[in-house]
Amino acid sequence: MSKEILTTQDLHLYYGDKEALKGINLNFDAKGITALIGPSGCGKSTYLRTLNRMNDLIPNVTITGTIKFKGENLYAPSADTVQIRKEIGMVFQQPNPFPFSIYDNVIYGLRIAGEKDKEKLDAVVEKSLRQAAVWDEVKDHLHESALALSGGQQQRVCIARVLAVSPEIILLDEPTSALDPVSSSQIETTLLNLRHDYTIITVTHNLQQASRIADRTAFFMNGELVEVDQTKNIFMNPAEKQTEDYISGRFG
Amino acid sequence: MMNPKTQNKVAIGSLYGIAGLVVLILMALLGYILVSGVPQLSWHFLTAPAKAFLEGGGVGVQLYNSFYLLILAMLISFPIALGAAIYLYEYAKDNWVTTTIRTAIEILSSLPSVVVGLFGFLFFVVRLNLGFSILSGAFALTFFNLPLLTRSIEDSLRTIDTTQREGGLALGLSRWETITRVILPAAVPSILTGVILSAGRVFGEAAALIYTAGQSAPALDFTDWNPFNISSPLNPMRPAETLAVHIWKINSEGIMPDAKAISSGSSAVLVLAILLFNFAARYLGKRLYKRLTSA
């Protein structure tokens, strides 16, 4: 059992007066894929976005409880959101490449951090795109616009862009829900290749996807964490009735 | 009761009619101005100084003044408008302060330009003692231009999807880096289009300038580029009648024998310049977007 890299304790989140997360206790070991599942509005995406403080952007959000990344409180007054987001990267539902070339997209984080060495940048671009399993498809037009790519390719370029800043944790917010089945399965393959080197936390609506790729699965409902366990157990032998009902399609 | 199909046809027909009418009016106006003005145009007309009483004057000085004033006004108003727009759209929280600022901008943008001109006269010309000068005019134009430009830049920022901002932040860029390195480059083409279009409005503005930049155009010595000399084209403290003001003045009190011809010619030049701005805005915007998005 590897060490816990990210821990959440008694996490509450309020949008104004509405309590969207009602005391979540959930820890993540280093490496491997955890899937967050649950019906729409259950708080899984909201929870995911607390982990790299993306909810900071939304007005009127109050967060209580603690989230610790390697023992450091993410919400401590001294916490640096810029640094946090370098170590905890995020991929979104809609592929959101910048309107620049593929090459520039991948190295954007590094270049802004001040890296100028062309050889090093080239190497990072190739490595990241290979890791994201999109290198072969784009290597001949690295300097063309990323917007010209298909949705699935864009999403993998976005994953490469995150990998290029070498985060430890990668958060994915329904990364395949805007993609066709073929592209989705390519993303899944990509994630499976990455699970040995990164801690991956993905929100998904697609139960089959969770069962295919996740080592662990956490089931959320109504702002609460109902159950978290090895994926196999969640799907074959859930401890909670609610989980079983959801998995078997009785609601949600 | 008409059946839906006929209804549809009637609706489309009348919409076409209205659109056609708008185009027709524009064509008629442009046609009239160009037909009566273009024959007056010549190299001499575009470069020679104006004459007060005699035939054969040109609009060279006025044309130059218009451009110089435009550039100065843009140099002053663009950075302010850019900063204001970035603040309002990217940083400001949605509360009564920003609502007040926005309302203020809206009201400022709907002020009649003659009011802006009179304010400029009282404040810049008289109170700050800048006199009838290019600088007074540029400040007045800034007042006139700032709200429009701020709005247009804010709109440009709005067209950039939130997911782009999230993408930047999620990569560990600071908010400022996200704005300057992701959002602004993506918005440049549309910002540029807005700038050029507002340049067109500024270029054709007369009322705000009559009492600020003045109604006289002292002869310029185009070999003297020392901005401190009174006859230097670069001197910002000299009075400078622009093309639009010139047209107004000739028509209200021109006593040269060819006043009508000069007025027509000047109008044609003005309209052509503004058309040029519009086409340039489209062309450059498209070109730049292509270049920036696939460089």
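Convention: sequence-line order gives letters A, B, ...; per-chain numbering from 1. Everything numeric here is computed off the predicted structure, so don't read it as measured data.
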*Are there more than 12 heavy atoms of other residues, nucleotides or ligands under 6.0 Å from atom CD of Glu72(A)?*
no
*Side chain, backbone, both or neither of Pro167(A) within contact of chain B (heavy atoms, under 4.5 Å)*: neither
*Residue, of Val162(A), Val82(A), Ile84(A), that accumulates the most heavy atom pairs under 4.5 Å with chain B*: Val82(A)
*Taking only residues two or more places apart in sequence, or in another chain, which ones meet Tyr89(B) in a ring pair (Phe, Tyr, Trp, His ring centres under 6.0 Å)?*
none
*Glu166(B) and Arg49(A) ion-paired at < 4.0 Å*: yes
*Tell me, out of Gln94(A), Met90(A), Met54(A), Gln83(A), who's got the most heavy-atom pairs with chain B below 4.5 Å.*
Met54(A)
_Taking atom CZ as the centre, does Arg282(B) end up with more than 12 heavy-atom neighbours from other residues, nucleotides or ligands that are less than 6.0 angstrom away?_
no
*Where the side chain of Tyr108(A) meets the backbone of Arg181(B), is there a donor-acceptor pair that is under 3.5 Å apart?*
yes
*asked:* Please determine whether the number of non-hydrogen atoms from other residues, nucleotides or ligands lying under 6.0 Å from atom OH of Tyr91(B) exceeds 12.
replied: yes
*Should we say atom CG of Asp117(A) is surrounded by more than 12 heavy atoms from elsewhere, each under 6.0 Å from it?*
yes
*asked:* Could you check whether any side-chain heavy atom of Phe92(A) comes within less than 4.5 Å of a side-chain heavy atom of Thr163(B), counting everything from C-beta outward?
replied: no
*Which value, rounded to the nearest 0.5 Å, describes the distance between Thr180(B) atom OG1 and Ile112(A) atom CD1?*
7.0 Å
*For atom NZ of Lys120(A), decide whether the heavy atoms of other residues, nucleotides or ligands shown that lie under 6.0 angstrom number more than 12.*
no
*asked:* Measuring only between side-chain heavy atoms, which start at C-beta, is Phe100(A) closer than 4.5 Å to Pro185(B)?
replied: yes
*Is it the side chain or the backbone of Arg161(A) that comes within 4.5 Å of chain B heavy atoms, both, or neither?*
both
*asked:* If you count every heavy atom of other residues, nucleotides or ligands that lies below 6.0 Å from Arg165(B) atom CZ, does the total exceed 12?
replied: yes
*In residues 169-179 of chain B, which residues are in contact with chain A at a heavy-atom separation under 4.5 Å?*
Leu169(B), Ala170(B), Leu171(B), Gly172(B), Leu173(B), Ser174(B), Glu177(B)
